[in-house]
Protein chains: 2
Amino acid sequence: MSAKPTIYDVAEEAGVGIGTVSRVLNNSTNVSERSRLRVQQAIRKLGFKPSSAARKLSRQTRIHNLGVITQSFNSYYSFAERLRGVQAFLSEQDEKYELILYNASSRDNAAEQLKAIIRDAAVEGLMIIDIDLSAEEQKALRQANIPYIGVNNSTASLSPNIGADNHEGARLATQYLIDNGHRHIAYIGDFFVDERFGFTTSHERYNGYRTALETNGFAHNEDFVKLGEHGYDAAHQSTLELIALPHRPTAIFAMSDTQALGCMAALRQCGLDVPADVSVMGYDDLEISKHTGLTTVRQHLELSGRRGAAYLLHTLKRTTSDVNLTLPQPVVIPRQTTRDIG
Amino acid sequence: MSAKPTIYDVAEEAGVGIGTVSRVLNNSTNVSERSRLRVQQAIRKLGFKPSSAARKLSRQTRIHNLGVITQSFNSYYSFAERLRGVQAFLSEQDEKYELILYNASSRDNAAEQLKAIIRDAAVEGLMIIDIDLSAEEQKALRQANIPYIGVNNSTASLSPNIGADNHEGARLATQYLIDNGHRHIAYIGDFFVDERFGFTTSHERYNGYRTALETNGFAHNEDFVKLGEHGYDAAHQSTLELIALPHRPTAIFAMSDTQALGCMAALRQCGLDVPADVSVMGYDDLEISKHTGLTTVRQHLELSGRRGAAYLLHTLKRTTSDVNLTLPQPVVIPRQTTRDIG
DNA sequence: ACAATTTTTGGAAGCGCTTCCACGCCACAT
DNA sequence: ATGTGGCGTGGAAGCGCTTCCAAAAATTGT
């Protein structure tokens, strides 16, 4: 008798009909105090819990739920900013939307979760942050009739996609450093993994960096490119390696603000001043970057969340009106960690 | 005919039985290629979407879902760290849990959302971050048989609660400054609002600050207490006011790292060095604080998320084993923004 | 006392799906 | 021809709830 109790069990236990139980559950009027008490007692005794599925089904009330799946809770500050955009947009809507968060621990796990989502029809729309879906996965979503939108994925592989132009942003960042007289610019980024399905963010930004160098006719120095795990610590380590170089760079372009912070910490730890000795450029413009005076590239994180959510809702409502899928161009925000050495 | 199509509509359109439609939906075997195609066509034509509620109900598969409700997406970095703890814990479990995020825009909105959650039995367990529930609200949750856990709420009012000892943390922080020779210590915090249901975090930390001062027999200076909105900007403003004082403090204790950053920015902007001229102490130990060298109080944010999730799961499983609800004591993490002026 | 309301009640029907059973059909062996 | 097995198929039953309706009980008025 450990099976989940239903209202029938409760009704029997309380010696009333199921209608009465339901009425108590819903705080409906027209229930005698005596019945209400008996039912409540039975509920407690049986540890009864209404099934939300059954409720949603019978009560015709369609509660919409959107999913957000990401692999990048490690770079969770930027994820949080995007999420904030999503929430903000959703809360402005008339209808209520539940936001279900899926956090994949690895690419394989992401695939697994995705399958589960499709199998259970768990969400009506899905936002995919920082995961590049294979063609098959995207097809599966389409077949399941689940609209989806990629955010910060490799534009090439995931469509539709809220595109941050990583290449252009990185090019601008590098060009900014060049305009400030820098000739020896290092790049700190993540490993270029997962290239099966298009470029990674790191690779895209790296390409933008290379483009800027080449456009200006500068030689490319392989020693100035340091790839590692994402995050503060790896960037810290990479920076130490850069400093140890016979000819150290005069500027370092980190592919994320978090990494830029790790970079700056390493520089200062070695007695180097930022920006007097070395300029540092980040990427993301997290809110903290404003606070730390980091020169960086603004890429409209919160807005990307908003736009993504807007797209999903429009699609769900079958609105034909177009939704703007492009974000404003990334732009360099000059602050105090870069210096003109021209 | 704009009503949501069901499998019956699809079956009719495709000229097959509902069983076949269901089989196609579930990628079941034993469906002729011909039928499969017809069904898929019909699905597309009708824009059919399976109802997740009906699915969950019929398929006996109980998918658990937990809710997290918060009001504090404004201080979302610390929220993100907690959430990370929750996710990490959940992903270690065998059973699958869906995490539904509720973000209240105001206290009233929180009350509204809470009602909706209860009404819809939307979640099996609820984590309440930074919102103090009234006795009635807690009672409603209990009646609805939804286990809940407060995180960083005023211990007094929300029970059970994963308690961060704000008073003690603030006392330690202040004592640390005192031990470093400071006698003129300012406090920057949030307004003490919402006291109907217990103390706010800001108030608790303020009290800890006062306790330290009094224990050491120092006079309390009302001018040194600046309360405002939460966040960087208000703290920035408060700091400017502190600096303008005839006798400015030698140390500033901000109730959060975010505010400490605003404070430091203001100091530097006025040509004051941290920590040479003024020491700054934060609270939270966000990950960024390590990066910015901020002396602060560590309060185990991620762990609080983990513990909260653990409690909910244990309760759901009716495990009798006790769950540890107490967090390690907060501890001062000395870094580079404070100086011994003894 | 009785009739006229009003409140309270039980339970059938139905929400949209999955699952299962029974049946038709065809290919193959006998 | 007759049997045998397996695939494909339709549709009834059932998941746990809400909602409705008609009927029973309680209340009011006369």
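The chains referred to below are lettered A, B, ... by the order of the sequence lines, with proteins before strands, and numbering in each begins at 1. This one's a predicted model, so the numbers in the text were calculated from it and none came from an experiment.
B/E137 and B/R107 are joined by a salt bridge, as a carboxylate oxygen and a charged side-chain nitrogen come within less than 4.0 angstrom of each other. A/K49 has no carboxylate O lying under 4.0 Å from a charged side-chain N of B/E124, or vice versa, which leaves the two without a salt bridge. Under the 4.0 Å criterion applied to side-chain N and carboxylate O atoms, B/R306 and B/E92 are assigned as salt-bridge partners.
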Audit row: A/Y148, A/Q138, side-chain hydrogen bond (donor to acceptor under 3.5 Å, both in side chains) steps and yes/no
CA-CA 9 Å; A/Y148 61 92; A/Q138 294 183 51; 3.2 Å; yes
When you look at B/L325 and B/N161, which way does the side chain to side chain contact (heavy atoms under 4.5 Å, CB included) test go after all the steps?
CA-CA 7 Å; B/L325 283 185; B/N161 187 71; over 6 Å; no
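In this model, the phosphate group of D/dC7 is not approached by any side-chain N or O of B/N30 to a distance below 4.0 Å at OP1 or OP2.
Here the side chain of A/T70 pairs a donor or acceptor atom with the backbone of A/I129 at under 3.5 angstrom.
From B/S304, atom OG reaches atom CE of B/M127 across 7.5 Å, with rounding to the nearest 0.5 Å. The structure places OG1 of A/T326 at 8.5 Å from CD1 of A/I162, a figure rounded to the nearest 0.5 Å.
Across all strands, A/T6 comes closer than 4.0 Å only to sugar-phosphate atoms, never to a base (heavy-atom distances). Contact annotation for A/S32: backbone-only contact, meaning every heavy-atom pair under 4.0 Å involves sugar-phosphate atoms and none involves a base.
Comparing the axis of the opening five pairs of the helix from C/dA1-D/dT30 to C/dT30-D/dA1 with that of the closing five pairs yields an angle of 40°, rounded to 10°.
Nearer the 5' end of DNA chain D, as judged by each residue's closest nucleotide, is the contact made by B/E33, out of B/A54 and B/E33. Where B/Y8 and A/V16 each meet DNA chain C at their nearest nucleotide, the meeting point lying more 5' is that of A/V16.
Straight-line distance from the CG atom of B/L37 to the P atom of D/dG8: 14 Å, rounded to whole Å.
Here chain A contacts DNA chain C (any atom closer than 4.0 Å to a heavy atom, that is under 4.0 Å), and the contacts span C/dT8 to C/dG16 from 5' to 3'.
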